[in-house]
Novice: 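Can you keep this structure in mind? I'll have questions shortly.
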Amino acid sequence: MGLIGVLPRMAARRPPVLLVTLPGATRERLAVEAELRHRGWPSAAGPAAAAGLVVAGEQGDVQPPWLADVWKGVPRPKAYVSVRRADDAPRALDVLGRLLATGRQGDAPWPTSTGSPGGTRGHERQDREDGGHGPYRHPEAGGHQARHDQGDHQEHPGRQDHQEHPGRQDHGERPGRQDHGGHRGGVVAGLPMAGRADDRDGLRLDRLHLPLGPVLPDWPAGLVLEVALQGDVVQSVTEHPPAAGVPGRCPFWSEPWLRAAAGEAVTRGAAERRRCASHLDSVGRLLAVAGWPRPAAEARRLRDRLLHGAATGELAPGVLRLTRRVAGSRTLRWLTGALGELPAGRAGELGVTGPALAADGDVHARLCVWLAEIERSLHGMDDTRAVSGGDGPRGRLDPDRPPSRVLLDALLPLLPGAEFACARLILASFDPDLDELVGTGHG
């Protein structure tokens with residue numbers, strides 16, 4: 001067998017997968033993450049490192065324009081599947097593996113990008129010719145779609161060894177000053193070039209306008225920001241409308257309380273199980289951004305066991321071991337302390353409720369509140385009494401102003417003046433859920 005025939009089969013065994021989650025598709029995202037971990041397939045940090053693209057929550061045949069940019073950035077051979085329902089995740093990944101192994105091609109072109117501000121980050125975009133072969137609908141996809149593109153092979157990185165303790169790391173997400181060859185602003189070869197502007201010290205330095213989201217590792221699904229950077233310092237942040245999501249979905253993490261408010265019978269134990277899982281999800285995201293991958297993976301593993309109904313007694317030792325390890329880390333305290341400080345008085349003025357109000361402080365304080373609530377919720381998961389009011393995982397569930405809208409309004413002013421890596425930590429410590437901003441249903 002020739003090398004061209006062997007490479008697709010090698011890539012299909014443990015293909016690095018880029019997971020794209022649309023707002024409203026948290027349930028599908030969790031199902032795909034659990035299935036990827038079960039198979040031992042690595043997660044790709046960006047399009048250039050991926051062999052497979054999985055879109056969680058995709059609806060219909062009309063794709064968001066920024067999704068075409070993401071697909072274009074994935075080197076060939078590559079395959080694409082969408083997961084419209086959580087139960088489709090195992091079958092979708094089966095199809096993805098077969099597409100990569102067989103190297104089948106399709107002829108239907110994918111719509112080209114219209115330059116939406118919600119595109120991928122400029123330094124992750126790559127200009128590649130599609131060779132006349134676009135993605136296609138695979139007949140085996142069933143409840144999901146499948147598209148595939150085959151061409152010249154490029155090496156795909158898999159999992160990399162990370163340090164065990166958290167620290168400031170460069171994950172390919174922290175731009176520094178570059179030699180722009182005399183360009184002042186604009187776009188060259190698909191990459192945004194820096195212009196000139198005064199920095200906070202009155203110096204004339206390069207200013208790079210960089211779109212962030214909606215596709216970034218450990219990033220709130222659907223969030224789109226444009227930041228102005230000088231060096232690695234954030235000068236300004238502009239929020240764009242969230243990426244198109246799945247309409248009519250009840251926000252997954254707030255679902256028990258919303259159902260109870262609508263008159264359904266929901267036990268306190270079920271609500272506390274969902275709160276505990278939500279905070280473990282947030283802790284996993286923050287630890288991943290901080291560069292501490294093993295506890296992040298453990299938080300997500302425990303989250304999935306919670307959501308699959310594991311008994312309190314089975315979960316308690318592992319959950320408490322994780323929360324106490326994270327709370328006791330001096331390195332993590334040093335890394336996250338004095339970042340994004342939000343005093344309780346100011347938070348109350350802004351309408352913040354829930355953990356961000358109770359924290360009365362910085363990134364580390366918000367993390368510690370999550371850890372404390374995880375432990376409290378763990379011991380309340382067997383309560384069979386009915387839910388009667390109460391806040392969701394992110395705060396008071398006001399239908400006119402969801403808690404994540406309040407969190408975004410509170411956190412965005414904290415980002416200017418922070419280094420880029422620190423801004424990522426600040427954002428992760430609030431962890432706004434855009435499902436609350438696009439979801440309208442309660443079913």
Novice: Do Pro393 and His279 have side chains that get closer than 4.5 Å, going by heavy atoms?
Specialist: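 Pro393 reaches His279 side chain to side chain.
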Novice: Side-chain contact test, heavy atoms from C-beta onward, threshold under 4.5 Å: evaluate it for Arg275 versus Pro256 and give yes or no.
Specialist: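 In short, these two side chains do not touch, never coming nearer than 4.5 Å.
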Novice: If you round to the nearest 0.5 Å, how far is OG of Ser236 from CG of Leu229?
Specialist: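 Going from CG on Leu229 over to OG on Ser236, the span is 8.5 Å.
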Novice: Is atom NE2 of His379 surrounded by more than 12 heavy atoms (other residues, nucleotides or ligands) closer than 6.0 Å?
Specialist: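 Enclosed: over 12 neighbouring heavy atoms sit under 6.0 Å from NE2 of His379.
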Novice: Can you list everything that forms a side chain to side chain donor-acceptor pair (under 3.5 Å) with Arg396? Sequence neighbours excluded, please.
Specialist: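 By the side chain to side chain donor-acceptor pair (under 3.5 Å) rule, Arg396 matches no residue at all.
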Novice: Has the side chain of Arg300 got a donor or acceptor atom that lies under 3.5 Å from a matching backbone atom of Arg37?
Specialist: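 No.
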Novice: Return the minimal non-hydrogen interatomic distance between Ala428 and Leu286, and the atom names on each side.
Specialist: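 Smallest heavy-atom distance, with atoms named: CB-CD1, 3.7 Å.
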Novice: Which salt bridge (charged side-chain N to carboxylate O under 4.0 Å, His left out) pairs, counting each pair once, include a residue from residues 326-346, with sequence neighbours left out?
Specialist: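 Sorted pair list: Arg346-Glu349.
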Novice: If every non-hydrogen atom of Arg366 is compared with every non-hydrogen atom of Gly361, which pair is closest and at what distance?
Specialist: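 Result for this residue pair: NH1-O, 2.9 Å.
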Novice: Looking at Arg405 and Asp409, is any side-chain nitrogen of the basic one under 4.0 Å from a carboxylate oxygen of the acidic one?
Specialist: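 Arg405 and Asp409: salt-bridged.
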Novice: Leu93 and side-chain contact (heavy atoms from CB on, under 4.5 Å): which partner among Val83, Asp88, Val54?
Specialist: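 Exactly one option meets the side-chain contact (heavy atoms from CB on, under 4.5 Å) with Leu93, and it is Val54.
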Novice: Which atom pair, heavy atoms only, marks the closest approach of Gly245 to Leu22?
Specialist: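 Minimum heavy-atom contact is CA-CB, 4.3 Å.
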Novice: Judged by atom type as modelled, is there a donor-acceptor pair below 3.5 Å linking the side chain of Arg84 to the main-chain atoms of Gly57?
Specialist: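 Checking the backbone N and O of Gly57 against the side chain of Arg84, no donor-acceptor pair under 3.5 Å is found.
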Novice: Kindly determine whether Arg85 and Asp87 satisfy salt bridge (charged side-chain N to carboxylate O under 4.0 Å, His left out), including the steps that lead there.
Specialist: CA-CA 5 Å; Arg85 299 182 300 271; Asp87 292 344; over 6 Å; no
Novice: First locate atom OG of Ser429, then atom CH2 of Trp370, and finally report the distance between them rounded to the nearest 0.5 Å.
Specialist: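 Going from the OG atom of Ser429 to the CH2 atom of Trp370 covers 6.0 Å.
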Novice: Go through Arg305 and Glu314 one step at a time and tell me if the salt bridge (charged side-chain N to carboxylate O under 4.0 Å, His left out) criterion holds.
Specialist: CA-CA 10 Å; Arg305 292 187 63 197; Glu314 297 176 5; 3.7 Å; yes
Novice: Could you walk me through whether Arg274 and Glu255 pass the salt bridge (charged side-chain N to carboxylate O under 4.0 Å, His left out) test, one step at a time?
Specialist: CA-CA 8 Å; Arg274 189 67 59 92; Glu255 183 180 24; 3.1 Å; yes
Novice: Can you measure from OG1 (Thr323) to CD1 (Ile374) and round to the nearest 0.5 angstrom?
Specialist: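 Answer rounded to 0.5 Å: 7.0 Å.
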Novice: Under 3.5 Å, side chain of Trp71 to main-chain N/O of Ala79, donor-acceptor pair present?
Specialist: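 No, because the side chain of Trp71 does not come within donor-acceptor range (under 3.5 Å) of the backbone of Ala79.
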Novice: Going by side-chain contact (heavy atoms from CB on, under 4.5 Å), Leu437 matches just one of Pro241, Pro251, Ser404, Pro220. Which one?
Specialist: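 Between Leu437 and the candidates, side-chain contact (heavy atoms from CB on, under 4.5 Å) is satisfied uniquely by Ser404.
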Novice: If we check side-chain contact (heavy atoms from CB on, under 4.5 Å) with Val363, which of these qualifies: Leu342, Leu414, Thr336, Leu332?
Specialist: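 That would be Thr336; it is the only one of Leu342, Leu414, Thr336, Leu332 passing the side-chain contact (heavy atoms from CB on, under 4.5 Å) with Val363.
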Novice: As an exercise, state the distance from CG of Leu407 to CG of Leu350, rounded to the nearest 0.5 Å.
Specialist: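 Spacing of CG (Leu407) from CG (Leu350) equals 10.5 Å.
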Novice: Less than 4.5 Å apart, any side-chain heavy atom of Leu53 and any of Lys78?
Specialist: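 Side-chain contact under 4.5 Å: no.
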Novice: Could you tell me whether the side chain of Asp360 and the main chain of Ala344 form a donor-acceptor pair under 3.5 Å?
Specialist: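 Indeed, once roles are kept as given, a pair shorter than 3.5 Å links the two residues.
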Novice: Within a radius of less than 6.0 Å around CZ of Arg401, do more than 12 heavy atoms belonging to other residues, nucleotides or ligands occur?
Specialist: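 Yes.
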Novice: Pro432 and Arg394: which non-hydrogen atoms are nearest, and at how many Å?
Specialist: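 So the minimum-distance heavy-atom pair works out to C-NE, 4.1 Å.
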Novice: Measuring from Leu339:CG to His364:NE2, what's the distance to the nearest 0.5 Å?
Specialist: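 The NE2 atom of His364 is 11.0 Å from CG of Leu339, to the nearest 0.5 Å.
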Novice: Examine distances only and state if a side-chain atom of Ser329 and a backbone atom of Arg325 form a donor-acceptor pair shorter than 3.5 Å.
Specialist: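 Such a contact is absent between Ser329 side chain and Arg325 backbone.
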Novice: Do any pairs count as a salt bridge (charged side-chain N to carboxylate O under 4.0 Å, His left out) and have a residue in residues 276-293, sequence neighbours left out, and if so which ones?
Specialist: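 Sorted pair list: Arg29-Asp281, Asp281-Arg285, Asp281-Arg303, Arg285-Asp431.
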Novice: Start with the C-alpha gap between Glu28 and Leu19, add the side-chain angles, then the distance that decides, and say whether side-chain contact (heavy atoms from CB on, under 4.5 Å) holds.
Specialist: CA-CA 11 Å; Glu28 288 71 28; Leu19 173 60; over 6 Å; no
Novice: Taking atom types as modelled, is there a side-chain donor on Asp435 or Thr26 under 3.5 Å from an acceptor on the other?
Specialist: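 Side-chain D/A pair, Asp435 to Thr26: present.
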Novice: Evaluate the side-chain contact (heavy atoms from CB on, under 4.5 Å) criterion for residues Thr353 and Val406: first the C-alpha distance (whole Å), next the side-chain angles of each, then the deciding distance (0.1 Å), finally the verdict.
Specialist: CA-CA 9 Å; Thr353 56; Val406 180; over 6 Å; no
Novice: Please tell me if the side chains of Phe430 and Val352 come closer than 4.5 Å, counting only heavy atoms from C-beta onward.
Specialist: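 Not in contact.
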Novice: Which atom names give the shortest non-hydrogen contact between Ala296 and Gly284, and what distance separates them?
Specialist: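 Heavy atoms of Ala296 and Gly284 come nearest at CB-O, 3.4 Å.
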Novice: Within the structure provided, determine whether Glu239 and Leu412 are in side-chain contact (heavy-atom separation under 4.5 Å).
Specialist: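 A side-chain contact under 4.5 Å exists here.
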Novice: So which atom in Trp257 and which in Leu397 form the shortest heavy-atom distance, rounded to 0.1 Å?
Specialist: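 That closest heavy-atom pairing would be CB-CD1, 3.4 Å.
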Novice: Would you mind reporting whether Asp69 and Val215 have side-chain heavy atoms less than 4.5 Å apart?
Specialist: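 The answer is no; the side chains never approach within 4.5 Å.
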Novice: Would Met381 and Leu378 satisfy side-chain contact (heavy atoms from CB on, under 4.5 Å), going step by step from the backbone distance to the final call?
Specialist: CA-CA 6 Å; Met381 291 193 308; Leu378 183 69; 3.7 Å; yes
Novice: For Glu436, which of Cys250, Pro399, Pro403 qualifies under side-chain contact (heavy atoms from CB on, under 4.5 Å)?
Specialist: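 Only one option passes, and that is Pro403.
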Novice: With rounding to the nearest 0.5 angstrom, report the CG to OG distance, Leu307 to Ser278.
Specialist: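 Leu307 CG to Ser278 OG: 9.5 Å, rounded to 0.5 Å.
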Novice: Is any side-chain heavy atom of Trp219 closer than 4.5 Å to one of Leu427?
Specialist: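 Heavy-atom side-chain distance check passes, below 4.5 Å.
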Novice: Would Ser43 and Glu33 count as a side-chain contact (heavy atoms from CB on, under 4.5 Å) here? Give the steps.
Specialist: CA-CA 9 Å; Ser43 296; Glu33 288 181 355; over 6 Å; no
Novice: Just by distance, do the side chain of Arg249 and the backbone of Gly24 share a donor-acceptor pair under 3.5 Å?
Specialist: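 Yes; at least one donor-acceptor contact below 3.5 Å.
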Novice: Apply salt bridge (charged side-chain N to carboxylate O under 4.0 Å, His left out) to the pair Glu35 and Arg39, showing each step before the final yes or no.
Specialist: CA-CA 6 Å; Glu35 188 65 22; Arg39 296 171 185 238; 2.8 Å; yes
Novice: For a 4.5 angstrom cut-off between non-hydrogen side-chain atoms, does Val224 reach Trp66?
Specialist: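 No. Closest side-chain heavy atoms not under 4.5 Å.
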